[in-house]
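Working notes for the structure below.
Proteins get letters first, then strands, A, B, ... in listed order; numbering begins at 1 in each.
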Number of protein chains: 2
Amino acid sequence: MYVRCAACPLRLKPVFVQKTEQEVALIEEWKSDHLRLSEGTEFIHPDQSRSELYTLFAGWAYRYKELSDGRRQILNFVLPGDLIGLQSSMFGKSFYGAVALTDVELCQLPRRKFRRLFERMPELAYDVTWLGSRSESVVDENLLTAGRRGAAEKIAALFASLYKRAETLGLLVDGVLEMPLTQQHIADALGLSLVHTNKTLAKLRAQNLFTLAEGQLVVKNLRSMSRLAQHFEEDIAPRPII
Amino acid sequence: MYVRCAACPLRLKPVFVQKTEQEVALIEEWKSDHLRLSEGTEFIHPDQSRSELYTLFAGWAYRYKELSDGRRQILNFVLPGDLIGLQSSMFGKSFYGAVALTDVELCQLPRRKFRRLFERMPELAYDVTWLGSRSESVVDENLLTAGRRGAAEKIAALFASLYKRAETLGLLVDGVLEMPLTQQHIADALGLSLVHTNKTLAKLRAQNLFTLAEGQLVVKNLRSMSRLAQHFEEDIAPRPII
DNA sequence: CGCACTATTGATGTATTTCAAGCCAAGTGG
DNA sequence: CCACTTGGCTTGAAATACATCAATAGTGCG
């Protein structure tokens, strides 16, 4: 059940910076729990203060904010190896919520030990900062998408970006990405209505750049897809994992 | 000309965590230059690697990204005390650009000393991470705005947010905020066209929630403004400054 | 079976963009 | 001094992208 960092299969993937045994031992010392949550569980609540810092070990999640009348914006999707909950660790409360998109496993890193990290484990502290920075760069790109891309470009940019991230993580099986998003999630991530998302998806499918059925995404021509989206950023590798 | 950290007036403001003399000395040791740039200068260039880490000492700036056909999205506005350039310090290159909106002064913090910060000055490293997190939370909110607020709400949210930030910084003079944004900047920050921004501004002015003329913004009813925008976040204080 | 959730499609309404023109103030070169 | 440009702001009209309303259909589930 419990996954020890020393025996962690995720951190062995080539995307990640490989740590020494000693470093891994430090991380293991920090890690306080290995959580398994089922699909749909909200594990960080807006405006509340209970949440810890987590590394997503398996599954997908997303961060979101919403307006008081219910309009919802997904800020970014969280994939294995990503750190989540840094803001609440620093400010004591979270301005966003986070929800498991599939069943997930989370490595819990208690925030009460967070402050001392900077004195005792500077390497790790650096990695936390690095991951926080990368997370911001993802949100930057999503803001560009929401603000300045048209509906078709938005969808293309989202798919291109997820596909590239999944590829770096070795998550593609014969080019197929198991993508647990409903059209409502896609709409909420892109700032579109559900109906318009559906119609734009239909038009895009006709262009034959990708196939998407039953949660299986295959991008057949990543180059054209990226061109359509004007999306040219690659995922950063190697990167740290905690 | 050169502003020594020990004699820095900015850090004395009540918004900021007051540091001990010793801590300030450490910051001063890190600081390598005090730059003065004129309005319009781009001091961080997308995809390039020359930029350092900076604290904005005086003036306004903004971060932006753009698509290859010229569509531009302003990611956030940078006010005195804000840290900028963290991404380039971590990744070696920047995915965004940064431009001075007014004449500005920047405290330059060379990134070659950045890594060692974590070993030698853990307090400072913590503050850097803190400021990085806050920066992300600002972008989060801007993404919510771009994705899910209508035009009038967008403008109201932007003005409410800037006004609140300025207030915490003590930048208001008799309730007047000297705001160096053109309508094009507002449009680019909100994901609107210039024309629609202008027309929406006209409609909003008719509602008498604020006045804006010649770069002087006065929010007459911040409560109503925030309600219209559904913007309820306060700026975080006290906060660190480097 | 009924219920909830997801995808789909057509019709209609509206928000926003684009195009086009004009205005004003400030700067610049003759 | 003027003629001329430039940047920012403003306005109207037309085009379009996107949202909303409404209805249907398939799927899994208690």
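In this structure, A/Asp82 pairs ionically with A/Arg134, as a charged nitrogen and a carboxylate oxygen lie closer than 4.0 Å. A salt bridge links B/Glu233 and A/Lys65; the closest N-O separation between the charged side-chain nitrogens and carboxylate oxygens is under 4.0 Å. A salt bridge links A/Glu136 with B/Arg63: the closest approach of a Lys/Arg side-chain nitrogen to an acidic carboxylate oxygen falls below 4.0 angstrom.
Residue A/Gln183 places at least one side-chain N or O closer than 4.0 Å to OP1 or OP2 of C/dT8.
Heavy-atom nearest nucleotides on DNA chain C were determined for A/Arg148 and for A/His185, and the one closer to the 5' end corresponds to A/His185.
As a whole-Å value, the separation of B/Leu204 CG from C/dT16 P is 12 Å. Regarding B/Leu190, its CG atom lies at a distance of 11 Å from the P atom of C/dT16, rounded to whole Å. Whole-Å rounding puts the B/Asp188 CG to C/dT16 C1' distance at 15 Å. Per the geometry, NZ belonging to B/Lys154 stands 11 Å off C1' belonging to C/dA15, to the nearest Å. As rounded to whole Å, 14 Å separates atom C1' of C/dT16 from atom CD of B/Glu153. A/Lys203 has its NZ atom 14 Å from the C1' atom of C/dT8, to the nearest Å. To the nearest angstrom, C1' of C/dA7 lies 6 Å from CG of A/Asn198. Whole-Å rounding puts the A/Ile186 CD1 to C/dT6 C1' distance at 12 Å.
Neither side chain, B/Glu39 nor B/Thr102, offers a donor N or O lying under 3.5 Å from an acceptor on the other.
Among the heavy atoms of the strands, none lies under 4.0 Å from A/Gly40. Looking at heavy-atom distances under 4.0 Å, A/Arg205 makes contact with sugar-phosphate atoms alone, never a base. A/Leu194 comes within 4.0 angstrom of nothing in the nucleic acid, heavy atoms only. As judged by a 4.0 angstrom heavy-atom cut-off over every strand, B/Gly215 is placed among residues making no nucleic acid contact. The residue A/Ser193 sits close to a base: some heavy atom pair falls under 4.0 Å.
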Test log, rule side chain to side chain donor-acceptor pair (under 3.5 Å), inputs A/Tyr54 and A/Glu105: CA-CA 10 Å; A/Tyr54 307 97; A/Glu105 299 180 41; over 6 Å; no
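Side-chain proximity of B/Val195 to C/dT17, C/dT8, C/dC19: nearest is C/dC19.
For an aromatic pair to be called close, the ring centres must be under 6.0 Å apart, and A/Tyr64 with A/Tyr96 fails this.
On the nucleic acid side, DNA chain D has its first and last nucleotide under 4.0 Å of a heavy atom of chain A at D/dC18 to D/dC21, going 5' to 3'.
Each of A/Lys164, A/Glu153, A/Arg149 was compared with A/His231 under the side-chain hydrogen bond (donor to acceptor under 3.5 Å, both in side chains) criterion, and only A/Lys164 meets it.
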